[in-house]
> 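Below is a structure I'd like to ask you about.
Within every chain, numbering begins at 1; the chains are lettered A, B, ... in the order of the sequence lines, protein sequences first and strands thereafter.
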Protein chains: 2
Amino acid sequence: MVIKNAAKADGQNRPNVYDANCPTRVILDRIADKWTVLVLTFLEDGPVRFNALRRQIDGISQKMLAQTLRQLERDGLITRTAIATVPVTVEYAITPLGRTLADTIKPLTEWAEHYFGDVQRAQQQYDRAQAG
Amino acid sequence: MVIKNAAKADGQNRPNVYDANCPTRVILDRIADKWTVLVLTFLEDGPVRFNALRRQIDGISQKMLAQTLRQLERDGLITRTAIATVPVTVEYAITPLGRTLADTIKPLTEWAEHYFGDVQRAQQQYDRAQAG
DNA sequence: CGGCATCCGCCCAGATACTG
DNA sequence: CAGTATCTGGGCGGATGCCG
């Protein structure tokens, strides 16, 4: 039983992320994807083509990029536009809904940039304590 | 080459999450963990014991909970306090650093609770379009 | 250029059993 | 109560090859 928020996911009450059957868990799992955050925030500045994304998001494979993009498109967070040139050009753009999410997760990357030093120091201290 | 932010991770310039070698990626990967967000936000309201967390965070296994807690402790985001009772009691509490992160990711769960309906509708529309 | 299909290794997560 | 230890399989993600 969930104490913190007694509301059940199935129906009339408020959704509860701590309930495994709550649909908000799906969203959380999506955000918990390794690449979703990076791809979505990258598209904030304007439409980008597939290979441009591939090059600029360092470390992503074409398979994972394609997978992530398809998922984001399915969620209505980005759009996919194929332009019939030779060779074909495909542009990905963020949707208004996607932008609300991007705005929400942006502070996250800022937190990472601001505090990663503190975290690293904590880790080193922890590791020393374990070793000693 | 990264265009969006020319700064390299190694040294004098600003960190760049789009660079695979950037230490902020480590933070992002941590946040991208399935359970980190839930555990950390849950501890915002005060210290909680192991089995209490296990019961209240629906769907988590004891293995994953232990793993997540150890990781969070190592990152300096939570503390672990063992009280020598019989049987032993262990309380986990959020640190000031952890609280800054919890405050940062909280809007995320709120986004999920607010917009999951829009996402579900988008998914259904997408799936219909694929089927038809 | 922008993918998809296939194969495959490896790690992650669940289940189970045991301990202080 | 609060974990650790071990085994196991399913899936994730990388590499490669092919196509419109």
> How long is the line joining CZ of A:Arg55 and C1' of C:dG2, in whole Å?
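To the nearest whole Å, that distance equals 12 Å.
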> Any side-chain to backbone donor/acceptor pair from B:Thr95 onto B:Gly76? Under 3.5 Å, distance only.
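At least one qualifying donor-acceptor pair exists.
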> Does a side-chain N-to-carboxylate-O contact under 4.0 Å join B:Arg30 and B:Asp33?
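No.
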> Is it the case that one hydrophobic cluster holds both A:Ile78 and A:Val26, taking links as side-chain heavy atoms less than 4.5 Å apart, direct or via other members?
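They do not share one cluster, since no chain of ILVMFWY contacts under 4.5 Å joins A:Ile78 to A:Val26.
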> To the nearest angstrom, how far is B:Asp58 atom CG from C:dG14 atom C1'?
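Nearest whole value for this atom pair: 16 Å.
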> If we ignore hydrogens and angles and just use 3.5 Å, is the side chain of A:Asp58 paired with the main-chain N or O of B:Asp19 as donor and acceptor?
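Not confirmed, A:Asp58 side chain does not pair with B:Asp19 backbone.
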> Can you tell me how far P of D:dA2 sits from CD1 of B:Ile60, to the nearest Å?
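The distance from CD1 of B:Ile60 to P of D:dA2 comes to 14 Å, rounded to the nearest Å.
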> B:Phe50 CZ to C:dT19 P: how many Å, rounded?
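Checked: the CZ to P distance equals 19 Å.
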> May I ask you to list the residues of residues 64-74 of chain A, by number, that have any heavy atom positioned under 4.0 Å from an atom of DNA chain C?
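DNA chain C contact set from residues 64-74 of chain A: A:Ala66, A:Arg70.
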> Taking only the side-chain nitrogens and oxygens of B:Arg80, find out if one of them lies under 4.0 Å from OP1 or OP2 of D:dA2.
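Negative; the distance criterion is not met.
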> What is the distance, rounded to the nearest whole Å, between atom CG of A:Asp29 and atom P of C:dC12?
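Spelled out: CG on A:Asp29 to P on C:dC12 is 17 Å.
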> Using a heavy-atom cut-off of 4.0 Å across all strands, would you classify B:Arg49 as base, sugar-phosphate, or nothing?
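The answer is sugar-phosphate, as B:Arg49 gets under 4.0 Å only of primed atoms, P, OP1 or OP2.
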> Could you pull out the protein-nucleic contacts involving nucleotides 15-20 of chain D (nitrogen or oxygen on both sides, under 3.5 Å)?
unit_1, atom_1, unit_2, atom_2, d
D:dT16, O4, A:Gln62, NE2, 3.1

> Roughly, in whole Å, what's the span from CZ in A:Arg54 to C1' in C:dC4?
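Checked: the CZ to C1' distance equals 14 Å.
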> Looking at D:dG3, I'd like to know if its phosphate oxygens (OP1 or OP2) sit under 4.0 Å from a side-chain N or O belonging to B:Tyr92.
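Checking B:Tyr92 against D:dG3: at least one side-chain N or O falls below 4.0 Å of OP1 or OP2.
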> Quick one: A:Asp33 CG to D:dC12 C1', roughly how many Å, whole number?
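In whole Å, D:dC12 C1' and A:Asp33 CG are 11 Å from each other.
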> With ring-ring contact (aromatic ring centres under 6.0 Å, His included) as the rule and sequence neighbours excluded, what pairs involving residues 78-114 of chain B come up?
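Checked against ring-ring contact (aromatic ring centres under 6.0 Å, His included) - neighbours excluded - the pairs reaching residues 78-114 of chain B are B:Trp111-B:Tyr115.
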> B:Thr68 pairs by side chain to side chain contact (heavy atoms under 4.5 Å, CB included) with which of B:Leu38, B:Thr36, B:Leu40?
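For B:Thr68, the side chain to side chain contact (heavy atoms under 4.5 Å, CB included) test succeeds with only one of B:Leu38, B:Thr36, B:Leu40, which is B:Thr36.
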> For B:Lys34 and D:dC12, what is the distance between atoms NZ and C1' respectively, to the nearest whole Å?
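Between C1' of D:dC12 and NZ of B:Lys34: 14 Å.
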> Regarding B:Asp103 and B:Lys106, does a basic nitrogen lie under 4.0 Å from an acidic carboxylate oxygen?
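No, B:Asp103 and B:Lys106 are not salt-bridged.
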> Could you tell me whether the side chain of A:Arg25 and the main chain of A:Val17 form a donor-acceptor pair under 3.5 Å?
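Pair found, side chain donor or acceptor close to backbone of A:Val17.
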> Ignoring hydrogens, what is the shortest heavy-atom contact between B:Glu91 and B:Pro47? Give both atom names and the distance.
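Looking at all heavy atoms of both residues, the shortest contact is OE1-CB, 3.6 Å.
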